[in-house]
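Have a look at the structure below, then the notes.
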Amino acid sequence: MQKKYALVTGASRGIGKAIAVKLASDLHYNILLNYNSNDNAALETQVLIKAEGVDCELLKFDVSNPDQSKETLEIWEKNNPESHLEVIVNNAGITKDGLFLWMKPEDWNSVINTSLNGFFHVTQPLLKNMLTRRYGRIINIVSLSGLKGNAGQVNYSAAKGALIAATKALAQEIGKRKVTVNAVAPGFITSDMSAEFDEKELKKHIPLNRFGEAEEVGDLVVFLASKKASYITGEVISINGGLYS
Ligand code: NAP
């Protein structure tokens, strides 16, 4: 029997975890759970997803590594000819904040390699089968920083801004094959990435007066991944409590 899968990168923790759990619970997708290093967190998330009655396979690889990404994904597709990957959520991303004047080349390169190039490394090897089957959803998790730019995050803003442009361009290339490509741009969301931020101070600038929850981003991604979003492509949808729109 054919099994339908959704791949979520960086899904061991935070926003990716919430997205993966909701794709399982709300759309009944089997999940390919990618992560980089945190085995315990990935195993815990796998248990949560399996409790929804779907399959969840752990695919540990570094999205910034082109060969590792391509090889792992191609081997999975080869070993699972009866399985269809319908949804790709490019969520894995990192920050290495600092003022541009003193930014080290390694901090520039690691952010670009993970938060931008990871999209290329993961999506390209999987795209051919999606196009052949004439159905698919590609959802890129970007950021408010990629829309407005953020001081102290020139590397991250560049990566997310480029990913927004890539989303729009790819949507135009492959729309005829009924594969949609959209981006979700969160503002401040409670997770390990935002743990150091001063919520009390920052929320003064957020009209809804709080950080968002990973589950709220998950709900938006589930909508875009569903059949209900069939006529939306090339869009960037903000989820930021009114901070910027
Ligand atoms: P997080 O809590 O730091 O979690 C990051 C996840 O990405 C973890 O599962 C981590 O795996 C994985 N990861 C990191 N580098 C990876 C790599 N090279 N290859 C594969 N997996 C990798 O981050 P988050 O807050 O959930 O953020 C998720 C996405 O939302 C990111 O793209 C981020 O830029 C974006 N975003 C977040 C916020 C926010 O306020 N939190 C706002 C806007 C946008 P391990 O567990 O193995 O380390």
Side-chain angles (χ1 to χ4, degrees), residues 7-22 31-46 48-49 58-70 72-73 88-97 106 109-123 139-150 153 155-164 166-167 183-199 202-203 205-206 210-218 220-221 236-241 243-244:
L7 165 69
V8 186
T9 67
S12 50
R13 298 180 281 121
I15 294 172
K17 173 183 180 176
I19 292 169
V21 171
K22 280 188 183 274
I31 301 295
L32 287 184
L33 190 163
N34 160 260
Y35 68 107
N36 189 29
S37 60
N38 196 328
D39 297 316
N40 288 341
L43 285 166
E44 274 176 32
T45 305
Q46 185 185 39
L48 282 180
I49 289 169
L58 301 184
L59 285 190
K60 182 177 179 177
F61 64 87
D62 177 354
V63 301
S64 72
N65 182 318
D67 297 336
Q68 217 183 80
S69 305
K70 191 168 188 280
T72 311
L73 293 167
I88 304 170
V89 183
N90 289 298
N91 166 78
I94 58 165
T95 50
K96 290 275 164 75
D97 295 354
E106 54 267 34
N109 290 327
S110 62
V111 168
I112 299 291
N113 282 335
T114 304
S115 307
L116 171 61
N117 294 343
F119 154 78
F120 178 71
H121 301 151
V122 168
T123 308
I139 299 158
N140 299 321
I141 307 303
V142 294
S143 171
L144 176 59
S145 303
L147 287 166
K148 72 175 273 288
N150 201 18
Q153 291 194 316
N155 49 358
Y156 183 72
S157 302
K160 296 296 191 178
L163 188 50
I164 287 169
T167 301
V184 166
F188 292 111
I189 306 295
T190 304
S191 77
D192 292 344
M193 186 181 271
S194 60
E196 308 274 282
F197 298 165
D198 183 351
E199 181 169 357
L202 288 166
K203 75 178 187 181
H205 307 286
I206 304 172
R210 64 174 176 87
F211 277 15
E213 298 300 324
E215 289 71 22
E216 293 175 305
V217 180
L220 176 54
V221 172
V236 186
I237 303 186
S238 289
I239 175 162
N240 58 33
L243 185 57
Y244 172 89

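Indexing begins at 1, ligand by ligand and atom by atom, following the structure's order. Side chains are part of it too, since the values below use all heavy atoms of this structure and drop only hydrogens, waters and symmetry mates.
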List every atom of ligand 1 that sits less than 4.0 Å from any heavy atom of [X], numbering the atoms from 1 in the order shown and giving each element.
X      : answer
Gly14  : 26 (O)
Asn34  : 20 (C), 21 (N)
Gly93  : 31 (C), 32 (O)
Ala92  : 21 (N), 22 (C), 32 (O)
Phe61  : 19 (N), 20 (C)
Asp192 : 2 (O)
Asp62  : 17 (C), 18 (N), 19 (N)
Gly187 : 38 (C), 40 (O), 42 (C), 43 (C)

Check your understanding: Which class fits the ring pair Phe197 and Phe211: parallel under 30°, tilted 30 to 60°, perpendicular over 60°?
Key -> perpendicular
Revision key, fill the gap. Ranking Ser191, Ala159, Ala214 by closest non-hydrogen atom to atom 25 (O) of ligand 1, top hit is Ser191
Exercise for review: With atom 31 (C) of ligand 1 as the reference point, say which of Asn91, Ile141, Asn90 has the nearest heavy atom.
Suggested key: Asn91
Exercise for review: May I ask you to test the Ile19-Ile139 pair for a side-chain heavy-atom distance under 4.5 Å?
Suggested key: no
Kindly compute the distance separating [atom1] ([X]) from [atom2] ([Y]), expressed to the nearest 0.5 Å.
X      : Y      : atom1 : atom2 : result
Asp62  : Thr9   : CG    : OG1   : 11.0 Å
His121 : Phe61  : NE2   : CZ    : 11.0 Å
Lys160 : Leu144 : NZ    : CG    : 12.0 Å
Glu44  : Asp39  : CD    : CG    : 11.5 Å
Lys17  : Ile49  : NZ    : CD1   : 9.0 Å
Leu43  : Ser12  : CG    : OG    : 10.0 Å

Exercise for review: Indicate whether any N or O donor in one side chain lies under 3.5 Å from an N or O acceptor in the other, for Thr167 and Asn140.
Suggested key: yes
Check your understanding: Do the side-chain N and O atoms of Asn113 and Asn109 include a donor-acceptor pair separated by under 3.5 angstrom?
Key -> no
Donor-acceptor check, side chain of [X] to backbone of [Y], threshold 3.5 angstrom: yes or no?
X      : Y      : result
Thr190 : Glu213 : no
Asn240 : Leu243 : yes
Asn90  : Val122 : no

Below a 4.0 angstrom heavy-atom separation, can you tell me which part of [X], side chain or backbone, both or neither, approaches ligand 1?
X      : answer
Ala185 : neither
Thr9   : neither
Lys17  : neither
Phe188 : backbone
Asn36  : both
Pro186 : both

Review point. Do any N/O atoms on Ile15 end up under 3.5 angstrom from N/O atoms on ligand 1?
Key: yes
Can you pull out the closest protein heavy atom to [atom]? Residue, atom name and distance to 0.1 Å, please.
atom                    : result
atom 14 (C) of ligand 1 : Ile94 CG2, 3.9 Å
atom 23 (O) of ligand 1 : Met193 CB, 3.7 Å
atom 19 (N) of ligand 1 : Val63 N, 3.0 Å
atom 33 (C) of ligand 1 : Tyr156 OH, 3.4 Å
atom 10 (C) of ligand 1 : Arg13 NH2, 3.6 Å
atom 47 (O) of ligand 1 : Ser37 N, 2.6 Å
atom 45 (P) of ligand 1 : Ser12 OG, 3.4 Å
atom 40 (O) of ligand 1 : Ile189 N, 2.9 Å

Practice item. State whether the number of non-hydrogen atoms from other residues, nucleotides or ligands found under 6.0 Å of Lys60 atom NZ is greater than 12. Key: yes
Review point. Does a sphere of radius 6.0 Å around CD in Glu196 hold more than 12 heavy atoms from other residues, nucleotides or ligands, not counting ones at 6.0 Å or beyond?
Key: no
May I ask whether [X] places a heavy atom under 4.0 Å from ligand 1?
X      : result
Val142 : yes
Ala11  : yes
Phe197 : no

Review point. So which heavy atom on Ala185 is nearest to which on Val236, and how close?
Key: CB-CG1, 4.0 Å
